[in-house]
Amino acid sequence: MALFGLDKVLSKPAIKISQAIYDQIVEHAKDSYPEECCGILIGATMRVRCVLYIHPTVNTNKERSQDRYIIDPREIFLMDKEAKAQGAEIVGFYHSHPDHPDKPSATDREWGQAGYSYMIASVNGGKDVSVKSWIFHDENEAFKEEKIKISE
Amino acid sequence: MAIKVRIPTPLRKLTNGSDEVSAEGGNISEIIENLESNFPGLKERICEADGKLRRFVNIYLNDEDIRFKKNLETELKENDELSIIPAIAGGAF
């Protein structure tokens with residue numbers, strides 16, 4: 001068991017997602033361009049951190065939807081209930097950065113909440129999309145990248 | 001009166017990992033005080049120094065945002081359920 005524990009410490013943080021669900025995030029980001037899209041990641045964190053499905057949401061920041069997003073808390077409330085009933089949980093959130101890098105901005109960090117995966121999709125010119133996932137566990141930490149492991 | 005409170009991921013470190021806890025109180029302020037006595041540090045994650053709800057936090061009573069009710073003064077009744085919901089926002093720069 002000690003070896004197992006050591007393995008956990010040494011392994012880099014990662015999150016698993018299927019190609020089909022990953023593609024849904026990419027498509028949502030492209031469709032919303034030049035505005036930011038956003039949504040909720042539902043999955044599990046017990047043995048393997050994974051996304052089982054996503055729930056695309058409306059960007060409720062209407063004044064600055066090109067460089068800001070807000071997820072309606074009611075959507076989070078409802079998805080938390082739904083996920084719990086299925087034995088799953090909200091593992092994080094995704095949003096896009098139109099013509100900006102796939103890295104968390106100062107605004108992302110200011111509003112960031114510990115323990116969630118934040119997937120950020122950079123959409124260049126409405127076509128080229130790259131996605132990275134970020135997480136921090138302690139209030140005072142910076143975001144760290146977690147590897148996205150895409151499965152069939 | 002004991003009320004069930006749903007705890008979101010960012011606050012579970014303070015509840016020893018529990019995603020749901022029970023708290024005593026007749027209104028939401030009293031619930032938060034009771035939570036603080038059982039799980040020290042929780043109050044400052046929910047309220048500002050002046051006692052108001054932090055902008056990073058929403059609280060739902062059953063299925064309604066308490067900001068549309070009497071906020072932290074909202075009275076509670078038997079079988080009510082509270083959910084602490086994180087505010088999720090950000091943006092490109």
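To find a chain, count down the sequence lines: A is the first, B the second, and so on, and within it residues start at 1. Basis for what follows: all heavy atoms, side chains included, without hydrogens, waters or symmetry-related copies.
- In this structure, no portion of A/Ile40 lies under 4.5 Å from any heavy atom of chain B.
- Contact count against chain B (heavy-atom pairs under 4.5 Å) is highest for A/Lys84 among A/Lys81, A/His137, A/Lys84.
- Of all the listed residues (A/Thr107, A/Ile120, A/Asp99), the one sharing the greatest number of non-hydrogen pairs under 4.5 Å with chain B is A/Thr107.
- Only the side chain of A/Glu89 comes within contact range of chain B, with at least one heavy atom under 4.5 Å from a heavy atom of that chain.
- Heavy atoms of A/His97 lying under 4.5 Å from chain B belong to its backbone as well as its side chain.
- Within the 4.5 angstrom heavy-atom criterion, only side-chain atoms of B/Ser83, from C-beta onward, approach chain A.
- In this structure, chain A has no heavy atom under 4.5 Å from any part of B/Glu81.
- In this structure, chain A has a heavy atom under 4.5 Å from the side chain of B/Ile85, while its backbone stays farther away.
- The most heavy-atom pairs under 4.5 Å with chain B, out of A/Leu78, A/Ile76, A/Ile90, come from A/Ile76.
- Interface remark: A/Asp80 contributes backbone and side-chain atoms alike to the contact with chain B (heavy atom separation under 4.5 Å).
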Q. Under the side chain to side chain donor-acceptor pair (under 3.5 Å) criterion, do A/Gln66 and A/Tyr33 qualify, and how do the steps go?
A. CA-CA 8 Å; A/Gln66 298 200 340; A/Tyr33 184 88; over 6 Å; no

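- Ion pairing between a basic and an acidic side chain is recognised when a charged N comes within 4.0 Å of a carboxylate O; B/Arg55 and A/Glu110 show such pairing.
- Interface remark: A/Arg109 contributes no atoms to any contact with chain B (heavy atom separation under 4.5 Å).
- Residue B/Asp63 touches chain A through both its backbone and its side chain, counting heavy-atom pairs closer than 4.5 Å.
- A/Glu146 and A/Lys132 are not joined by a salt bridge, as no carboxylate oxygen comes within less than 4.0 angstrom of a charged side-chain nitrogen.
- At a threshold of 4.0 Å, the pair B/Lys43-B/Glu33 counts as salt-bridged, since one of the basic side-chain nitrogens sits closer than that to a carboxylate oxygen.
- No single ILVMFWY cluster, assembled from side-chain heavy atoms under 4.5 Å apart, contains both B/Val57 and A/Ile70.
- Interface remark: B/Tyr60 contributes side-chain atoms only to the contact with chain A (heavy atom separation under 4.5 Å).
- For the side-chain hydrogen bond (donor to acceptor under 3.5 Å, both in side chains) with A/Asp102, the lone residue among A/Ser96, A/Ser122, A/Ser130 that qualifies is A/Ser130.
- A/His28 and A/Tyr94 have their aromatic ring centers within a separation under 6.0 angstrom.
- Only the side chain of B/Arg6 comes within less than 4.5 Å of a heavy atom of chain A; its backbone N, CA, C and O stay farther away.
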(Q) Could you walk me through whether A/His95 and A/Asp108 satisfy the side chain to side chain donor-acceptor pair (under 3.5 Å) test, starting with their C-alpha distance in whole Å, then the side-chain angles of each, then the deciding distance to 0.1 Å, before giving a yes or no? (A) CA-CA 10 Å; A/His95 72 281; A/Asp108 288 329; 3.2 Å; yes

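- Ring to ring, A/Tyr116 and A/Phe93 are close: their centroids are under 6.0 angstrom apart.
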